[in-house]
Amino acid sequence: ACDRRKQGEDGDLSPQTGATNPAPDDTADLPSNTATVAPPPANAQAQPAGARLNPADESFIEQASHANEEEIATTELGMSRGSAKTQELSRMLNGDHIALRDRMTELSPNRELAEGAAPADLKDLPDEAFEGKLLATYRTQHEKAIRAFTDASTNPTLSEPIRALAGETLPTLKSHLKAVTDAQASE
C-alpha cells in the first residue's frame, strides 16, 4: 500500500483514500460533537451467527432439529441392518441430514443437540419385516419434514435466514421422498 502521509505526520491511513485519521493525541482539534469509537476489548468474542434469532426461529430450529436427529438415528439403523440397496439409500439420507444438522448449528450455535432415536418398533423387527417398515418410516418422516419446511419457508414470523434455510432444504427433502417412494415401489 502506498503511504501518502507527509514526513513526520502521525495517524492511521484510510484504506479508501489514503488520508490520515488523527492520531490519538490530535483529538483535541476535533469538533466537540465528533464521537470517537473505542476498539472492542482484546478478550471480546465475535457474536455468533445465530445470536439474533427470534423466539419463533428458536422454536422452529428446536423442532426441526429434534426431527432431524430422529431421521439421522433411523438412517444409522438402516445402514447397519438394511439390505445393500437400503444401506445405500440410508447413507445418502444420513449424509444430507448431517449437513442439515450442521446448517442449523451455524444458525443456532448455542443450542444443545438432543440425541435422536430411531422409532422403537423398528429396532426389534425381524429382518424380513425390517425393510418395509424402515422405508415406511422414512416416508412418514420426510412427509412431515416437507410440511414443516414448506410452512417455515413462507412464515412471516420467522427471520429471513430461517425462511431461507427452509426453502433451500425443501428440494433435498423432496428428492429424499422420491428416492424412498421409488425404493418402496421396487420392493
Side-chain angles (χ1 to χ4, degrees), residues 12 14-16 37-82 85-123 134-184:
D12 296 326
S14 164
Q16 288 81 22
V37 179
N43 63 351
Q45 294 180 359
Q47 193 173 33
R52 297 182 192 251
L53 296 182
N54 67 45
D57 295 338
E58 291 290 351
S59 177
F60 172 75
I61 289 284
E62 189 63 35
Q63 291 170 10
S65 178
H66 179 74
N68 193 58
E69 291 304 313
E70 284 182 358
E71 290 183 51
I72 290 170
T74 305
T75 61
E76 289 171 349
L77 185 61
M79 289 186 299
S80 68
R81 288 201 46 204
K85 284 176 71 173
T86 303
Q87 287 179 0
E88 183 180 334
L89 173 64
S90 298
R91 273 191 298 279
M92 183 268 295
L93 298 174
N94 182 272
D96 288 345
H97 283 280
I98 288 174
L100 178 58
R101 172 202 287 160
D102 294 343
R103 290 202 55 208
M104 288 191 285
T105 299
E106 288 172 10
L107 290 169
S108 185
N110 298 325
R111 175 182 49 84
E112 287 188 33
L113 283 177
E115 190 171 317
D121 60 343
L122 268 177
K123 294 178 184 173
L134 177 68
L135 293 174
T137 300
Y138 284 161
R139 183 178 186 147
T140 301
Q141 289 174 330
H142 283 86
E143 288 170 342
K144 287 171 61 175
I146 289 168
R147 282 192 302 275
F149 277 72
T150 298
D151 291 346
S153 69
T154 59
N155 184 337
T157 63
L158 297 176
S159 67
E160 179 54 36
I162 299 300
R163 287 193 312 267
L165 168 72
E168 292 165 4
T169 303
L170 276 169
T172 302
L173 293 173
K174 289 176 180 178
S175 74
H176 288 179
L177 182 58
K178 181 172 179 355
V180 169
T181 56
D182 289 349
Q184 285 179 306

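Bear in mind that the values here come from a model prediction, so they are computed numbers and not experimental data.
A heavy-atom distance below 4.5 Å is not found between the side chains of D96 and L173. For the pair H142/L93, a side-chain contact is recorded, criterion being any heavy-atom separation below 4.5 Å from C-beta on. Side-chain atoms of K174 and T169, non-hydrogen and from C-beta on, never get closer than 4.5 Å to each other. Contact annotation: the side chain of R139 never approaches that of L135 to less than 4.5 Å [non-hydrogen atoms, C-beta and beyond]. Counting heavy atoms from C-beta on, the side chains of S65 and R101 never come closer than 4.5 Å. The side-chain heavy atoms of R91 and Q87, taken from C-beta on, include a pair separated by under 4.5 Å.
Of all non-hydrogen atoms in Y138 and S90, the two that sit nearest each other are OH-OG, 2.6 Å. Closest of all the heavy-atom pairs between E58 and S108 is OE1-OG, 3.3 Å. Annotation for E70 and A117: closest pair CG-O, 3.7 Å, computed over non-hydrogen atoms. In plain terms, the two heavy atoms of A118 and K123 that are nearest each other are O-CE, 3.6 Å. The shortest heavy-atom contact between A152 and F60 is CB-CE1, 3.5 Å.
In summary, of the residues considered (L134, T137, T140, L89), a side-chain contact (heavy atoms from CB on, under 4.5 Å) with V180 occurs for L89 alone. Of the residues listed (L107, D102, L100), the one engaging M104 in a side-chain contact (heavy atoms from CB on, under 4.5 Å) is L100, and it is the only one.
How far CG of L53 is from CD1 of I162: 5.0 Å, rounded to the nearest 0.5 Å. With rounding to the nearest 0.5 angstrom, the CG atom of N68 is 13.5 Å from the CD atom of Q63. To the nearest 0.5 Å, atom CE of residue M79 and atom OG1 of residue T74 are 10.5 Å apart. Rounded to the nearest 0.5 Å, atoms CD1 (I146) and CG (L170) are 7.0 Å apart. Summarising the geometry, atom CG belonging to L77 is positioned 6.0 Å from atom CG belonging to L122; distances are rounded to the nearest 0.5 Å.
With respect to K178 and D182, a salt bridge is recorded, a charged nitrogen being found less than 4.0 Å from a carboxylate O. Classification of E168 and R103 as a salt-bridged pair holds, one side-chain N sitting under 4.0 Å from a carboxylate O.
Counting heavy atoms of neighbouring residues, nucleotides and ligands inside a 6.0 Å radius, atom CD of E160 exceeds 12 of them.
If you check the side chains of H66 and E62, you find no donor sitting under 3.5 Å from an acceptor. Side-chain contact, D57 with S159: a donor N or O sits under 3.5 Å from an acceptor N or O.
Side chain of N54 to main chain of T157: a donor-acceptor pair is present (N/O by atom type, distance under 3.5 Å, no hydrogens or angles). Listed for the R163 side chain is no donor-acceptor partner under 3.5 Å among the backbone atoms of T154. Here the side chain of S153 pairs a donor or acceptor atom with the backbone of T150 at under 3.5 angstrom. N94 places no side-chain N or O within donor-acceptor distance of the main-chain N or O of T75, the cut-off being under 3.5 Å.
Note on ring orientation: taking the six-membered ring where Trp is involved, the planes of H176 and H97 are tilted (angle from 30° to 60°).
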